[in-house]
Amino acid sequence: MPRRLALTAVVSLAALATAVPASIATASGPASSGPVLSAVPTTGPFAAARPALGPLPLPVPSLPGFLDGGQGTGSGEADEVLTRLTVSVENTGVARADGTFELECGPTGGSHPRGQAACDRLAEAGATRAGRQELFRATPEGTMCTMIHGGDATARIVGTWEGRAVDTTASRLDGCEIARWNSLVPVLPDVR
């Protein structure tokens, strides 16, 4: 326990050493009566040169289009497409479902046959942390899956989703893959 307290004190002093500029640590001059006590270490490993602190330079973002008087000079995220996917589907047994389709969300665009519904599904999944983590993740190695064959359909999805890189494949070879495929409908065609 004493070792933990000592470690906590050392870490706290290190944090203070970087947070308090040297000009504040001591004061001398006609108005002062000498050095002022400070929590900043003056000897030892934490007495090394401290960075000069001051206001951090922050970029000032331009106003979004609706706040700049409608001039449209803002460079807000509304102009950027954060989701752009290429969906390639084969062997579904449905002629219109097979092919390669482009999907863009925000605003909806591309050649995907159900673009708006697919973007809505992606937005729904992106609204939850579990959805963001699980939507495009492959079935973990060693997962026990039912041996149900859902068909020979395969798909590959490549691109960006909410600014994150996506490169995944899906099939209907067993129960886990069928469930994964179904969770991606309507990004992938419904071939049940």
Side-chain angles (χ1 to χ4, degrees), residues 11 15 55-192:
V11 170
L56 296 175
L58 296 175
V60 179
S62 57
L63 294 173
F66 66 88
L67 289 178
D68 66 0
Q71 300 300 318
T73 59
S75 62
E77 292 180 12
D79 296 339
E80 301 174 14
V81 176
L82 296 177
T83 298
R84 181 174 287 131
L85 299 172
T86 301
V87 181
S88 300
V89 183
E90 298 175 339
N91 302 323
T92 62
V94 180
R96 290 184 294 143
D98 289 348
T100 300
F101 308 102
E102 300 293 326
L103 175 65
E104 292 181 3
C105 300
T108 302
S111 61
H112 195 283
R114 297 188 58 204
Q116 186 59 52
C119 289
D120 291 345
R121 172 65 185 114
L122 293 173
E124 175 187 331
T128 64
R129 181 177 179 181
R132 287 190 301 274
Q133 292 175 346
E134 300 292 326
L135 186 63
F136 292 111
R137 195 175 94 176
T139 303
E141 189 72 31
T143 302
M144 295 184 73
C145 302
T146 59
M147 296 308 298
I148 299 172
H149 184 71
D152 294 327
T154 59
R156 182 167 184 200
I157 303 172
V158 179
T160 56
W161 174 54
E162 293 186 347
R164 291 184 290 264
V166 172
D167 187 353
T168 190
T169 58
S171 68
R172 299 183 61 83
L173 296 178
D174 59 31
C176 295
E177 287 297 308
I178 292 170
R180 189 163 169 258
W181 183 290
N182 290 343
S183 74
L184 287 165
V185 170
V187 177
L188 296 178
D190 189 357
V191 293
R192 293 182 233 187

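Scanning both residues, Leu103 and Ala118, for their nearest heavy atoms gives CD2-CB, 3.8 Å. When all heavy atoms of Cys105 and Leu122 are compared, the closest pair comes out as SG-CD1, 4.2 Å.
Here Arg180 contributes atom CZ and Thr169 contributes atom OG1; the two are 6.0 Å apart, rounded to the nearest 0.5 Å. A distance of 10.5 Å separates CD1 in Ile157 from OG1 in Thr86, rounded to the nearest 0.5 Å. Here the straight-line distance linking atom OG1 of Thr83 with atom CZ of Arg164 works out to 9.0 Å at 0.5 Å rounding. Atom CD of residue Glu90 and atom CG of residue Asp152 lie 11.0 Å apart, to the nearest 0.5 angstrom. Expressed to the nearest 0.5 Å, how far CG of Leu173 lies from OG1 of Thr139 amounts to 10.5 Å. Here Cys119 contributes atom SG and Arg114 contributes atom CZ; the two are 12.0 Å apart, rounded to the nearest 0.5 Å.
The shortest side-chain heavy-atom distance between Phe136 and Leu85 falls under the 4.5 Å cut-off. A heavy-atom distance below 4.5 Å is not found between the side chains of Val94 and Pro189. Side-chain contact check for Leu135 versus Val187: every heavy-atom pair is 4.5 Å or farther apart.
One N or O on the side chain of Arg121 and one on the backbone of Ser183 form a donor-acceptor pair closer than 3.5 Å. With Ser111 contributing its side chain and Glu102 its backbone, the two residues share a donor-acceptor pair below 3.5 Å.
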Item to check | Derivation and outcome, side chain to side chain contact (heavy atoms under 4.5 Å, CB included), residues His149 and Ile178 | outcome: CA-CA 8 Å; His149 184 71; Ile178 292 170; over 6 Å; no
Item to check | Criterion side chain to side chain contact (heavy atoms under 4.5 Å, CB included) on Leu188 and Thr92, from CA distance to verdict | outcome: CA-CA 10 Å; Leu188 296 178; Thr92 62; over 6 Å; no
Checklist entry - Between Arg172 and Asn182, does a side chain to side chain contact (heavy atoms under 4.5 Å, CB included) hold up when you go through it step by step? => result CA-CA 9 Å; Arg172 299 183 61 83; Asn182 290 343; 3.2 Å; yes
Item to check | Verdict with reasoning, Leu82 to Thr160, per side chain to side chain contact (heavy atoms under 4.5 Å, CB included) | outcome: CA-CA 7 Å; Leu82 296 177; Thr160 56; over 6 Å; no
